[in-house]
*Asks:* 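Let me give you the structure first, and then I'll get to my questions.
In the text below, chain A, chain B and the rest are named by the order of the sequence lines, each starting its count at 1.
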Amino acid sequence: MKIAAWNVNSLKVRLPQLLDFLATRRPDVVCLQETKVPDDAFPSVELSAAGYRAVFSGQKTYNGVAILSRSQATDVSVGIPGFGDEQKRVIAATVEGTRVVCVYCPNGQSPDSDKYFYKLAWFDALSLWLMEELARHPRLAVLGDFNIAPEDRDVHDPKAWEGSVHVSPRERERFQALLQLGLKDSFRLFEQPEKSFSWWDYRMMGFRRNHGLRIDHILLTDALAASCTSSTIDRDMRKLERPSDHAPVLAEIGV
DNA sequence: ATGGCTTAAAAATTAAGA
């Protein structure tokens, strides 16, 4: 089964690229972030014509997540239970026996902002909830935009980024806490090129200069990691005209 | 230089992303 996650930065703008992605990569499951579309405007018809069903939780302008799948998704759950949040950042569903958790983690803006403390609290709530989910679902994947670069090798210029959001120690502790639940960063199960990133700044030719961060991840339980045969970043999608600032990340797992 | 693009709101600017 091929699974993918992509922060599309507006599903409306990126829909043609998404349809091309689905047609050429043929993923079984795709988790989308920053759809920025209310549920009543979700492009279900276009995706259905492409052979994908969709479950989604969106809002106007900001945030918004969706899970696309070739086969029917069941047991859909929205948000983090017990964590009151108007921001649409989480949707989970079961597809072919695999629990799929799609996350758009908060950005945090800057370490002295309210949004940073919201980000830390959000990750704490996510960890608590995933602990319960993991007890129920040995085959579980958490995919999406985590807005955390786990290590310095995930940052194009660690000195320049030191202490800022996405790399600060408290954020990286939150990422490690997810791994300590028993999840594996699928990308690091394999040899990877140096300076592999999943996001590049739109400004200052960030992509051409490879000024990026690896902040989009696919985390797998041991049961899924054991059958994982690849984990890659689809840089080609970032090369298109009018791209998202994020590239899709993909992983292949045994059925 | 707290900028540099891109998006969505709305109708020229502003907020937010990362």
*Asks:* A/W6 CH2 to B/dG17 C1': how many Å, rounded?
*Replies:* 17 Å

*Asks:* Considering heavy-atom distances to DNA chain B, does A/D145 or A/V13 have its closest nucleotide positioned more toward the 5' end?
*Replies:* A/V13

*Asks:* Establish, with yes or no, whether the OP1 or OP2 oxygen of B/dA18 is under 4.0 angstrom from a side-chain nitrogen or oxygen of A/Y116.
*Replies:* no

*Asks:* So does A/N7 get a side-chain nitrogen or oxygen closer than 4.0 Å to the phosphate oxygens (OP1/OP2) of B/dA18?
*Replies:* yes

*Asks:* Under 3.5 Å, is there an N or O donor on one side and an acceptor on the other linking the side chain of A/N107 and the base of B/dA18?
*Replies:* yes

*Asks:* Rounded to the nearest angstrom, tell me the gap between atom CG in A/N210 and atom P in B/dA18.
*Replies:* 18 Å

*Asks:* Run the side-chain contact (heavy atoms from CB on, under 4.5 Å) test on A/V101 and A/W129 for me, step by step, so that the C-alpha distance in whole Å, both residues' side-chain angles and the decisive distance to 0.1 Å come before the verdict.
*Replies:* CA-CA 11 Å; A/V101 181; A/W129 172 56; 3.9 Å; yes

*Asks:* For B/dA12 and B/dA1, measure between their P atoms and round to the nearest Å.
*Replies:* 33 Å

*Asks:* Going by the side-chain hydrogen bond (donor to acceptor under 3.5 Å, both in side chains) test, name the single residue among A/D245, A/N7, A/N147 that passes it with A/W199.
*Replies:* A/D245

*Asks:* For side-chain contact (heavy atoms from CB on, under 4.5 Å), just list the numbers for A/S231 and A/V249, CA-CA rounded to whole Å, side-chain angles, deciding distance to a tenth of an Å, and then say yes or no.
*Replies:* CA-CA 7 Å; A/S231 182; A/V249 293; over 6 Å; no

*Asks:* Need to verify one output field. Residue with the more 5' nearest nucleotide on DNA chain B, A/N9 or A/M204?
*Replies:* A/M204

*Asks:* Does B/dA18 have OP1 or OP2 sitting under 4.0 Å from an N or O in the side chain of A/R203?
*Replies:* no

*Asks:* For A/N147 and B/dA18, give me the distance from atom CG to atom P, rounded to whole Å.
*Replies:* 4 Å

*Asks:* How many whole angstroms separate atom CG of A/N63 from atom P of B/dA18?
*Replies:* 9 Å

*Asks:* If we take the C1' atom in both B/dT7 and B/dA18, what is their distance in whole Å?
*Replies:* 14 Å

*Asks:* Tell me what A/Y104 touches on the nucleic acid: a base, only sugar-phosphate, or nothing, going by heavy atoms under 4.0 Å.
*Replies:* sugar-phosphate

*Asks:* Between P on B/dA18 and CZ on A/F146, what's the gap in Å once rounded to a whole number?
*Replies:* 14 Å

*Asks:* A/H217 pairs by ring-ring contact (aromatic ring centres under 6.0 Å, His included) with which of A/F175, A/F187, A/F197?
*Replies:* A/F175

*Asks:* Looking at A/R14, I'd like to know whether one of its side-chain N or O atoms comes within less than 4.0 Å of OP1 or OP2 on B/dT6.
*Replies:* no

*Asks:* Rounded to whole angstrom units, what separation is found between the CZ atom of A/F207 and the C1' atom of B/dA18?
*Replies:* 16 Å

*Asks:* Between B/dG4 and B/dA10, how far apart are the two C1' atoms, rounded to whole Å?
*Replies:* 24 Å

*Asks:* Just the rounded figure in Å: distance from P of B/dA8 to NZ of A/K60.
*Replies:* 13 Å

*Asks:* Contact class for A/K115 (heavy atom, under 4.0 Å): base, sugar-phosphate, or nothing?
*Replies:* sugar-phosphate

*Asks:* Return yes if some donor-acceptor pair links the side-chain N/O of A/R89 with the main-chain N/O of A/N63 below 3.5 Å, else return no.
*Replies:* no

*Asks:* Any idea how A/F207 and A/W200 line up, ring-wise: parallel (<30°), tilted (30 to 60°), or perpendicular (>60°)?
*Replies:* perpendicular

*Asks:* Whole angstrom is fine here: how far is it from CG in A/D216 over to P in B/dG17?
*Replies:* 15 Å

*Asks:* Please check the phosphate of B/dA9 (OP1 and OP2 only) for any side-chain N or O of A/T61 closer than 4.0 Å.
*Replies:* yes

*Asks:* Kindly say if A/S164 contacts the phosphate of B/dA18, meaning a side-chain N or O under 4.0 Å from OP1 or OP2.
*Replies:* no

